[in-house]
Amino acid sequence: MTAPNFSSVRALIFDLDGTLIDSQRDLIRSVNAMLQDMGREQLHEDTISGYIGHGAPQLVGRALGDNATEAERERALKFFLAYYEDHKMDSTCAYPGVPDALERLAAFPMAILTNKPVRVSKRILEELGLAKYFRAVYGGNSFASKKPDPLGAQTILREFGVAPAEAILIGDSEVDVRTARNAGTLAAAVNYGFGTHDRTACPADLYLDRLTDLVPLLVGKNS
């Protein structure tokens with residue numbers, strides 16, 4: 001297997017939760033508030049953490065369990081989204097090094113591709129002062145399909161005018177690595193975050209302890 005050529009990278013696509021922002025506690029609290037509202041037992045935070053990354057409908061559905069009716073799922077999702085909107089910044093913050101890394105990578109066209117709803121994603125980026133770095137922000141409800149379907153990544157590549165081999169997708173979960181593979185981009189995975197990632201089944205091209213570790217690989221290579 002040949003080593004990836006990061007010198008060809010001209011565009012960056014980032015996941016949001018678990019990659020740029022630590023939103024885990026607010027998501028967990030919102031899920032348990034939803035379960036309480038539905039008259040169900042709350043779940044352990046590790047259980048909920050394992051459900052994050054596929055979008056709000058799947059997060060809510062998995063928390064409710066297979067025996068939930070469609071009406072219950074709809075009611076629960078509505079409650080979850082409203083509660084999370086009110087509590088999205090209670091504990092959420094950028095991971096250490098993220099603002100610095102984005103500032104140093106600002107010469108590259110950058111986009112967000114998350115399975116989180118797009119409106120709340122944009123509001124969080126604004127409140128954390130990170131929105132200015134991204135030319136495009138797409139969420140789980142921006143397209144007909146979510147990651148790991150490559151549709152969102154392919155749309156960003158077309159908008160930026162770059163070939164798949166000229167882009168790198170950075171995330172924290174197997175979903176992100178699979179998205180990169182499906183879209184034909186390079187794949188980087190952070191060693192922090194809270195997504196599930198089977199490195200044997202779905203290895204990334206690069207693993208990062210901090211987002212700033214990406215900077216020396218790319219800066220100066222895009223000119």
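All values below come from the heavy atoms of this structure, side chains included, with hydrogens, waters and symmetry mates left out.
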- Checking side chain to side chain contact (heavy atoms under 4.5 Å, CB included) for the pair Arg104/Asp100: CA distance, chi angles, key distance, verdict? CA-CA 6 Å; Arg104 293 163 68 188; Asp100 179 47; 3.2 Å; yes

- Task: State, to 0.1 Å, how close Leu105 and Val219 come at their nearest heavy-atom pair, and which atoms those are.
- Result: CD2-CG2, 4.1 Å

- Of all pairs that satisfy ring pair (Phe, Tyr, Trp, His ring centres under 6.0 Å), the ones with a partner from residues 139-169, not counting sequence neighbours: Tyr138-Phe143

- May I ask you to decide if Ala76's main-chain N or O and Asp37's side chain share a donor-acceptor pair within less than 3.5 Å? no

- Task: For the pair Glu41 and Leu35, evaluate side chain to side chain contact (heavy atoms under 4.5 Å, CB included) and give the outcome as yes or no after the intermediate values.
- Result: CA-CA 6 Å; Glu41 280 195 34; Leu35 290 171; over 6 Å; no

- Query: Got a second to check how far Thr212's OG1 is from Leu214's CG, nearest 0.5 Å?
  - Reply: 9.0 Å

- Message: Would the distance check show the side chain of Ser49 and the main-chain N or O of Glu45 forming a donor-acceptor pair, the cut-off being under 3.5 Å?
- Response: no

- Query: When rounded to the nearest 0.5 angstrom, what distance separates CD in Gln42 from CD1 in Ile28?
  - Reply: 11.5 Å

- Query: Thinking salt bridges, do Lys147 and Asp176 make one under a 4.0 Å N-O criterion?
  - Reply: yes

- Message: Assess the residue pair Arg25 and Thr92 against the criterion (side-chain hydrogen bond (donor to acceptor under 3.5 Å, both in side chains)); give the C-alpha distance rounded to whole Å, side-chain angles, the decisive distance to 0.1 Å, and a yes or no.
- Response: CA-CA 7 Å; Arg25 188 172 297 276; Thr92 293; over 6 Å; no

- Shared hydrophobic cluster, Met110 / Ile156 (ILVMFWY, side-chain heavy atoms < 4.5 Å): no

- With a 4.5 Å heavy-atom cut-off, do Thr179 and Thr185 have their side chains touching? no

- Query: Just by distance, do the side chain of Glu174 and the backbone of Asp198 share a donor-acceptor pair under 3.5 Å?
  - Reply: yes

- Task: Side-chain contact test, heavy atoms from C-beta onward, threshold under 4.5 Å: evaluate it for Phe80 versus Leu27 and give yes or no.
- Result: yes

- Kindly give the heavy-atom pair with the smallest separation between Ala167 and Leu157, and that separation in Å. CB-CD2, 3.4 Å

- Counting only N and O atoms by type, is there a donor-acceptor contact under 3.5 Å from the side chain of Asp172 to the main-chain atoms of Phe194? yes

- Taking all non-hydrogen atoms of both residues, which atom of Arg40 and which atom of Leu64 are closest, and how far apart? NH1-O, 2.7 Å

- Residue pair Arg178 / Ser173, side-chain donor-acceptor N/O under 3.5 Å: no

- Message: For Ala163, is there any backbone N or O sitting under 3.5 Å from a side-chain donor or acceptor partner on Glu166?
- Response: yes

- Query: Excluding sequence neighbours, so at least two apart, what forms side chain to side chain donor-acceptor pair (under 3.5 Å) with Arg135?
  - Reply: none

- Item | Lys/Arg N to Asp/Glu carboxylate O, Asp205 vs Arg181, below 4.0 Å | yes

- Item | Candidate pair Ile170 and Asp15, rule side chain to side chain contact (heavy atoms under 4.5 Å, CB included), full reasoning | CA-CA 6 Å; Ile170 305 101; Asp15 175 48; over 6 Å; no

- Distance-minimising heavy-atom pair for Ser121 and Thr114: OG-CG2, 3.5 Å

- Task: Output yes when a side-chain donor or acceptor of Glu72 lies under 3.5 Å from a complementary backbone atom of Thr69, and no otherwise.
- Result: yes

- Item | Min side-chain heavy-atom separation Asp90-His87 under 4.5 Å | yes

- Does Asp66 CG have over 12 foreign heavy atoms under 6.0 Å away? no

- Task: Return yes if some donor-acceptor pair links the side-chain N/O of Asp17 with the main-chain N/O of Ser23 below 3.5 Å, else return no.
- Result: no

- Query: Can you get from Leu218 to Tyr207 by hopping between Ile, Leu, Val, Met, Phe, Trp and Tyr side chains that sit under 4.5 Å apart?
  - Reply: no

- Query: Can you tell me how far the CG atom of Leu43 sits from the CZ atom of Arg62, to the nearest 0.5 Å?
  - Reply: 11.0 Å

- Query: Can you find a heavy atom in the side chain of His54 that is under 4.5 Å from one in the side chain of Lys146?
  - Reply: no

- Task: Report yes or no: does Asp213 contribute a side-chain atom to a donor-acceptor pair with the main-chain N or O of Asp209 at less than 3.5 Å?
- Result: yes

- May I have the step-by-step check of salt bridge (Lys or Arg N to Asp or Glu O under 4.0 Å) for Arg75 and Glu70, ending in yes or no? CA-CA 9 Å; Arg75 177 187 149 200; Glu70 189 59 36; over 6 Å; no

- Message: For a 4.5 angstrom cut-off between non-hydrogen side-chain atoms, does Thr155 reach Glu159?
- Response: yes

- Message: Treating Arg199 as the side-chain partner and Ala204 as the backbone partner, does any N or O pair qualify as donor plus acceptor under 3.5 Å?
- Response: no

- Message: If you compare all heavy atoms of Arg29 against all heavy atoms of Ser91, which two are closest, and at what distance to 0.1 Å?
- Response: NH1-OG, 3.1 Å

- Which residue, Ile168, Ile13, Leu12, forms the side-chain contact (heavy atoms from CB on, under 4.5 Å) with Leu186? Ile168

- Message: In the structure I gave you, are the side-chain heavy atoms of Val118 and Ile112 within less than 4.5 Å of one another anywhere?
- Response: no

- Item | Residue pair Val177 / Pro203: nearest heavy atoms and the distance that separates them | CG1-O, 3.7 Å

- Task: Quick one: sort the Tyr95 and Tyr192 rings into parallel, tilted or perpendicular, breaks at 30° and 60°.
- Result: tilted

- Task: Enter the distance from Cys93:SG to Leu20:CG here, rounded to the nearest 0.5 Å.
- Result: 12.0 Å

- Query: Is there side-chain contact between Leu16 and Val137, with at least one heavy-atom pair below 4.5 Å?
  - Reply: no

- Is there a chain of hydrophobic side chains (I, L, V, M, F, W, Y, each step under 4.5 Å between heavy atoms) that links Leu211 to Leu125? yes

- Query: Below 4.0 angstrom, N of the basic side chain to O of the carboxylate: do Asp26 and Lys88 qualify?
  - Reply: no

- Message: Between Phe14 and Leu102, is there a side-chain heavy-atom distance shorter than 4.5 Å?
- Response: yes

- Distance col, row Gln154:CD vs Leu113:CG, nearest 0.5 angstrom, shows 10.5 Å

- Query: Does the pair Arg123 and Glu85 meet the rule for a side chain to side chain contact (heavy atoms under 4.5 Å, CB included), with working shown?
  - Reply: CA-CA 9 Å; Arg123 284 194 283 267; Glu85 172 63 37; 2.7 Å; yes

- Do Met89 and Leu81 sit in the same hydrophobic cluster, where Ile, Leu, Val, Met, Phe, Trp and Tyr count as joined when their side-chain heavy atoms come under 4.5 Å apart? yes

- Message: For a salt bridge (Lys or Arg N to Asp or Glu O under 4.0 Å) check, start with the C-alpha distance between Glu126 and Lys132, then their side-chain angles and the critical distance, and finish with the verdict.
- Response: CA-CA 8 Å; Glu126 288 285 355; Lys132 62 186 177 183; over 6 Å; no

- Query: Does atom CD of Gln36 have more than 12 heavy-atom neighbours from other groups under 6.0 Å away?
  - Reply: no

- Query: Any link between Ile21 and Leu208 through a network of hydrophobic side chains (Ile, Leu, Val, Met, Phe, Trp, Tyr) touching at under 4.5 Å?
  - Reply: yes

